[in-house]
2 protein chains.
Amino acid sequence: MDDPRKIPTIQDVARQAKVSAATVSRVLSNSGRVSEITRSRVHAAVQATGYTINQAARTLRMQRAKTILTAVPGIGNPFYSTVIQAAISVATSRGYGMLVAGRLGDDPTRWLMEYYVSNRADGLLLFDDTLVTHTLHEIATDDRHMPIIASYDQRPDPRLNSVITDNREASARAVQHLIEYGHRRIGHVAGTSNSPFPHERLSGYRDAMAAAQLPVDERFIYQSDYTMEGGRSGAEYFMSLKDMPTAIFAANDEMAIGLIAGFRARGIECPRDVSIVGFDDISVSENYHPSLTTVRQPREALGRVAAELLINILEDQAEFSEPVHEVLPSELVVRESSARIGSG
Amino acid sequence: MDDPRKIPTIQDVARQAKVSAATVSRVLSNSGRVSEITRSRVHAAVQATGYTINQAARTLRMQRAKTILTAVPGIGNPFYSTVIQAAISVATSRGYGMLVAGRLGDDPTRWLMEYYVSNRADGLLLFDDTLVTHTLHEIATDDRHMPIIASYDQRPDPRLNSVITDNREASARAVQHLIEYGHRRIGHVAGTSNSPFPHERLSGYRDAMAAAQLPVDERFIYQSDYTMEGGRSGAEYFMSLKDMPTAIFAANDEMAIGLIAGFRARGIECPRDVSIVGFDDISVSENYHPSLTTVRQPREALGRVAAELLINILEDQAEFSEPVHEVLPSELVVRESSARIGSG
DNA sequence: ATGAAAGCGCTAACAA
DNA sequence: TTGTTAGCGCTTTCAT
């Protein structure tokens, strides 16, 4: 009974406070009317026993786990660690735990849904766009309706709630910046697209070119994979062209860095010979040589807003009958890797 | 009853298979003897109903959440995303979920323990050395004994299980490499230490200097904070000395990059004027200019081994009465940022 | 080999 | 305002 190993239950608190378990529950959840006097007795008893609520019991009874599931891109992606950090902060402060989805099997729809059906998580924060399959929307439109927030760089299924940044517009601004610097032959290194639509950053590139009435030479679009290695390959590719672009917009900073490194290895200096703009503003970009002109996304806000929206939906399902779509603004950061044409 | 919204329970499966819930449970957990014929009937019923076990109920009944808690360093640390990814893979494949700890309040011992006491998690993977307080070991030696694996760059409390890399030895090898290149005046940029002991990487630096019978000029040790910005400050500091070191060992790659960037901003080129070695081999190090000589840690193994050890302990507590200490080997990767003295 | 029943710790409906 | 009671879905004796 006084065994210090025993984890106290609500009954122990009730006994100590000389009230019923129901009353303790009411005090702890601020539901129902409880007199001031008993309330304080209960609080005292909680202190005395060191009671902590048993989440498993609560989850079983309430059918809500107070836990959010996140699916994040596979490889150590530095971009998302900030985003997730922000999401965790929000979740924690609102009493939610944050579970990270691991992969099992090859049907994401199924294993993600399993967390929900098994009462491990109440909703999903989906940051991993490699999981964007045609079956995904089924999760959201499934009879059991697991609430989902989609947050990635591609155009999300409109049936899903989404919190994204203005990838397309920001990309257009980045390319426009190069145009303003006098560049005309502008290339693009695209990342992988997992959706049926073209990637938003590629679309932004085309938008800007079209707006300036510049033709898009399809040979100037190199399909890569978001890695530095992929950027290096891109450099090789562009050098193989007889008329290399004078500026290149890369769909992320890793590829931009790979491009610069690849060019430099062959004597082509950035920005002297070629201007390069990236996307994301990862921490090294400011300290790279040359420092990288890039698009900075509001990562912290992305994670925060996504988590807040999900929890709001979880706590007041009714209010959100229609999918919510939030778009957060990004910012162009001009540094050394882009220069006026001919200034080298 | 046939409402597709209803999540099937073990009772539904039992009814469908015309057996009792107990039997279904036995089949699903492979415990107890069950005849082949009923076993297959149960499996068929599971298929038919689309049953998934309710974790909350199972946790409540068994007093084990099948969930691991991780505490990871605050800011988007690219190093740990790989480590954690590996840990998640292991956990998932062994049927465990992975919960990420958020901070609440300023008593880590308390809020970490709370996950355990509240039946949310069975054990802790501690990667965040900023949580190393003198009260931490209390978690492990607490009457309730939450199992913990410590995995960070500092010397872990010997009462905790630990899975670490050979930070000290690897640091010594890095410095020895500089010595072999003819350097004698070698500096060190140290990271923050949250333990009462000096940082392992600093100790390794001293070890190597002592082994080569080189005096350590205490002015050559600059205390910084693991950031690129901190590295830049370090560069300023060293330049303010009248007799700058000819080589510097930085306690991580971010600071090494900051150093190089800071020096270059003032006309001091690496490796021409100063050799620099980092630690971690983050992805940009290979693509930085100059590419970085650094120490590569077995990140994937770190996460994998830590998770495996924790789960082994969870599943067979008895066997591990003494703390386990694993040390994984790191590897020196020599690239462009270090050069023989006078070769510039 | 299988089933009946108890109970893990909590909350909510109903009584008092 | 407070207590009593039932039951969330599962596992595990204890019978049979």
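Proteins get letters first, then strands, A, B, ... in listed order; numbering begins at 1 in each. Quick note: numbers below take in every heavy atom, side chains included, and nothing from hydrogens, waters or symmetry partners.
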Query - Between C1' of D/dG7 and CG of A/N119, the distance in whole Å - result: 15 Å
Query raised in the report: Do A/N119 and B/Q55 have side-chain atoms, one donor and one acceptor, less than 3.5 Å apart?
Result: no
**Report entry** Nearest-Å distance for atom pair CG/P, residues B/L28 and D/dT12
**Finding:** 13 Å
Query raised in the report: Going by distance alone, is a donor N or O of one side chain under 3.5 Å from an acceptor N or O of the other, for A/Y96 and A/E315?
Result: yes
Report task. Report which part of the nucleic acid B/T38 touches: base, sugar-phosphate, or nothing (heavy-atom distance under 4.0 Å, all strands). Result -> sugar-phosphate
Query raised in the report: Strictly by modelled atom types, are A/R58 and B/S118 linked by a side-chain donor-acceptor pair under 3.5 Å?
Result: no
Query raised in the report: Does CZ in B/R94 sit with more than 12 non-hydrogen atoms of other residues, nucleotides or ligands closer than 6.0 Å?
Result: yes
Query raised in the report: For A/T165 and A/Q297, what are the C-alpha separation, side-chain angles and deciding distance, and is it a side-chain hydrogen bond (donor to acceptor under 3.5 Å, both in side chains)?
Result: CA-CA 7 Å; A/T165 60; A/Q297 300 191 73; 2.5 Å; yes
Requested in this report: Please determine which of A/T130, A/D128, A/D153, A/L131 meets the side-chain contact (heavy atoms from CB on, under 4.5 Å) test together with A/N194.
Outcome: A/T130
Query raised in the report: Strictly by modelled atom types, are B/R120 and A/N54 linked by a side-chain donor-acceptor pair under 3.5 Å?
Result: no
Query raised in the report: Starting at the 5' end of DNA chain C and moving along, which residue's nearest nucleotide shows up first, A/A22 or B/E36?
Result: B/E36
Query - Residue-level proximity of residues 54-63 of chain B to DNA chain D when a heavy atom falls under 4.0 Å - result: B/N54, B/A57, B/R58, B/R61, B/M62
Query raised in the report: In Å, rounded to the nearest 0.5 Å, how long is the span from CZ of A/R33 to OG1 of A/T38?
Result: 12.5 Å
**Report entry** Where chain A begins and ends its contact with DNA chain C, read 5' to 3' at 4.0 Å from heavy atoms
**Finding:** C/dG9 to C/dA13
Report summary line: A/R26 CZ to D/dT1 P, in whole Å, measures 10 Å
Report task. Send over the distance from B/D12 CG to D/dC8 C1', rounded to a whole Å. Result -> 13 Å
